[in-house]
Amino acid sequence: MLAVPLVFSFVAASCGSDDSSSDSTAAAGGTGATIVDDGGGEADATEPVEAEGDVDTSVVAETDPPVYGGSIVMGLEAEATGLRPWDDACGEPCVNIARTIFDVLIQQNGDGEYEGYLADSITPNEDFTVWTMKLRPDITFHNGVPLTAQTIVDMFAIQQTGAISAGRIATTGLTGVEAIDDMTVVYTLNAPNSAFPANLNAVELGYVFEPAAAAADPVSFSTSPVGTGPFVMQKRDIDNETVVVRNENYWRTAENGDQLPYLDSISFRPIPDEGTRLDALLSRTVDVIEARRGGAVRDARAQSGIVLYEFQGNGTGGGMYNTAVAPFDDVRVRLGLNHLNDQKRVIDALGAGGISLPSTQWFSKDSPWWTQAAADAYPAFDFEGGKALLQEYIDDPTRSDGKAPGEKIDVELSCPPDPTLIAAMQVIEQVWTGSDLVNVSLTQFDQATHINNAVSDTHKAHCWRWGTQADPSAALNPFLADPAESVGNFPNWFDPEAYGWALEAIRTDDFETRKELYSKIMVRINEQAPVWYTGGTPTMIAADESIRGVNNWTLPSGNLGNGTPGADTYFTEMFISGR
């Protein structure tokens, strides 16, 4: 599943009922100690590839007969700041809401391959500069407007000026979108991009919205979005409850001919505290919850009467420095602080000891993109080495923060107010302060504000998550691009050579060539330290035993999807059984 080949032409496929996201040993909580050939060629056989408690729940076809009707409540990690795909930053909790309203053009199946969703096919020319996409026919938006090629063209006009989507457009090289006929769209790029379909899976370009409604009232669209998805917005009460109801005219049917979706409605409620969210599930105040904390996963495993759908993959916790502000504009400070990051202690504070291993790059050790070269380049915990780098900066009469030589540096370390995150930040703060070279102030903001602080560049040292199951270019290109052009470059760190490698990696579809380029990027990131890593991020969706169809949703082809990476799922085929 971790391999991400690109499927350029989509054809009817078999059901794929035996696809799975992991082997049965992992699904059953096996040791994960088997050493596999991940392509790096230099893995240390004395070290496990996965932590003993790293579990990816298998994705297998649903066996219970689906049932129509009923409503469920899902407890979210945080509120979605907005639901305009072109203008609002959409983290994982937002994605769970947005997927009920919007369908995506392209989606990954259980093998990590990109297939059409609203698209029926997408094919490139020889040098990957022109992509021709055929849309599926007879699809309408919630307001009755048909989906056509002109829809995608009109969306592009809005996306070009979007606070979020404009950066994605720039980093993909997309220069034009043209409707050739009613159902055929041509994307034109200014340079080869072999991974372009991965961007049509991303919120910014892949989530299809009704452009006339968006243009008519973009402010109201955030709370009353119009898509082609399986549910329609009924109520949007920010920070309290969002309710979506069944789209009676949804275009998809199940393989058995059932009209989708099965549920009557879904209520989403933000419950930021991990323990409170789990308690809400156990008391049946909610039916489903999401979690992205090791401690929450560990606590949920100890409970009965609920089903856990776990996934870790390439997700890794850590943080970033705003390199546009002093003292983080100096690599000595960033590297020094990274050397003072005791990853194992932080992982334990997060409650993920035995579940996660320390991370060294955006790829997990069992990913085909992981390399030993990047792992060797990571500034591992070295208290004296970190102090020496910080001391060099502190004694520099030209230090960038304007303070006198010999004075301590000031660091503001920020993270959302979850108890495990607070504990983890306190571990980092204790070591940084213990160097006797750093004054640390801890700040806390709710997750929506925390994300907006990163988007608006008002952050300093900022906890964050890295890594995704998508093609590496989908996340790395926005991260590496000139921050003047890309809101996705949260650390405001720009290395022209590293960005050049990222562009070179999408000019070919040869895996080994691309892997080597991404390895060089990971090495450069480790050398320049705009970010730090903690360990793999365990995620889960936990549900009442009666809730089915959580991680075995399918694509229009009939193939199983990629499950619940990042604790995100689809609700199209979810149903209630045995209540």
Side-chain angles (χ1 to χ4, degrees), residues 69-85 87-102 142-143 203 207 209 213 217-227 229-248 250 261-293 296 300 306 416-418 445-452 539-544 546-547 549-550 564 566-572 574-576 579:
S71 300
I72 66 170
V73 180
M74 183 174 193
L76 298 178
E77 177 185 64
E79 179 60 277
T81 57
L83 293 171
R84 297 170 297 186
D87 224 28
D88 296 314
C90 192
E92 292 99 336
C94 167
V95 167
N96 274 320
I97 299 176
R99 281 180 170 181
T100 66
I101 301 294
F102 305 109
H142 300 157
N143 60 2
V203 173
Y207 282 40
F209 58 91
D217 192 348
V219 175
S220 295
F221 196 92
S222 182
T223 54
S224 302
V226 181
F231 295 88
V232 179
M233 182 65 70
Q234 181 185 71
K235 176 178 129 179
R236 179 88 167 119
D237 184 1
I238 304 295
D239 293 326
N240 184 31
E241 185 177 48
T242 296
V243 181
V244 297
V245 296
R246 188 174 192 269
N247 177 6
E248 299 293 344
Y250 191 51
Y262 293 110
L263 294 171
D264 290 333
S265 69
I266 308 166
S267 298
F268 296 97
R269 296 176 186 168
I271 309 175
D273 183 78
E274 297 286 338
T276 303
R277 200 178 324 128
L278 178 58
D279 287 343
L281 176 61
L282 297 175
S283 67
R284 299 308 186 262
T285 305
V286 303
D287 305 286
V288 184
I289 63 170
E290 58 176 14
R292 300 172 184 88
R293 307 274 185 267
I306 59 175
D418 174 78
F445 299 94
D446 65 87
Q447 189 176 33
T449 304
H450 185 78
I451 292 172
N452 281 334
T539 70
M540 72 171 181
I541 289 180
D544 181 272
S546 65
I547 309 301
V550 175
T564 59
D568 292 328
T569 188
Y570 278 92
F571 300 82
T572 312
M574 208 175 287
F575 63 94
I576 303 171
R579 257 191 206 175

Taking [Y]'s backbone N and O only, do any of them form a donor-acceptor pair with [X]'s side chain (distance below 3.5 Å, no angle check)?
X: Arg277; Y: Pro272; result: yes
X: Asp418; Y: Asp273; result: no
X: Glu290; Y: Asp568; result: no
X: Asn96; Y: Thr569; result: yes
X: Thr81; Y: Ala89; result: yes
X: Asn247; Y: Gly229; result: yes
X: Thr100; Y: Ile97; result: yes
X: Asp237; Y: Asn240; result: no
X: Arg236; Y: Ser224; result: no

Requested in this report: Report the residues that fulfil ring-ring contact (aromatic ring centres under 6.0 Å, His included) with Phe571, sequence neighbours left out, ordered by chain and then residue number.
Outcome: Phe268
For the residue pair [X] and [Y], what are the closest heavy atoms and their distance?
X: Phe102; Y: Gly227; value: CD2-CA, 3.9 Å
X: Phe209; Y: Pro85; value: CD2-CG, 4.1 Å
X: Ala80; Y: Cys94; value: CB-CB, 3.6 Å
X: Arg84; Y: Pro218; value: CD-O, 3.0 Å
X: Pro93; Y: Ala78; value: CB-O, 3.3 Å
X: Met74; Y: Ile541; value: CE-CD1, 4.4 Å

Requested in this report: Take Thr572 and Tyr250 through the test side chain to side chain contact (heavy atoms under 4.5 Å, CB included) and record every step on the way to the result.
Outcome: CA-CA 10 Å; Thr572 312; Tyr250 191 51; 3.7 Å; yes
Once rounded to the nearest 0.5 Å, what's the spacing between atom [atom1] of [X] and atom [atom2] of [Y]?
X: Asn452; Y: His450; atom1: CG; atom2: NE2; answer: 11.0 Å
X: Cys90; Y: Leu83; atom1: SG; atom2: CG; answer: 7.0 Å
X: Arg284; Y: Ser546; atom1: CZ; atom2: OG; answer: 7.5 Å
X: Glu79; Y: Ile271; atom1: CD; atom2: CD1; answer: 11.5 Å
X: Ile266; Y: Thr242; atom1: CD1; atom2: OG1; answer: 11.5 Å
X: Asp287; Y: Leu263; atom1: CG; atom2: CG; answer: 9.5 Å

Requested in this report: Apply side chain to side chain contact (heavy atoms under 4.5 Å, CB included) to the pair Thr285 and Val73, showing each step before the final yes or no.
Outcome: CA-CA 8 Å; Thr285 305; Val73 180; over 6 Å; no
Query raised in the report: Below 4.5 Å, heavy atoms only, C-beta onward: do Tyr262 and Arg246 meet side chain to side chain?
Result: no
Query - Trace of the side chain to side chain contact (heavy atoms under 4.5 Å, CB included) decision for Met233 with His142 - result: CA-CA 9 Å; Met233 182 65 70; His142 300 157; over 6 Å; no
Requested in this report: Any chance you could lay out the side chain to side chain contact (heavy atoms under 4.5 Å, CB included) test for Glu274 and Leu278, step after step, and finish with the verdict?
Outcome: CA-CA 6 Å; Glu274 297 286 338; Leu278 178 58; over 6 Å; no
**Report entry** Exercise: do Arg292 and Thr539 side chains pair donor with acceptor under 3.5 Å
**Finding:** no
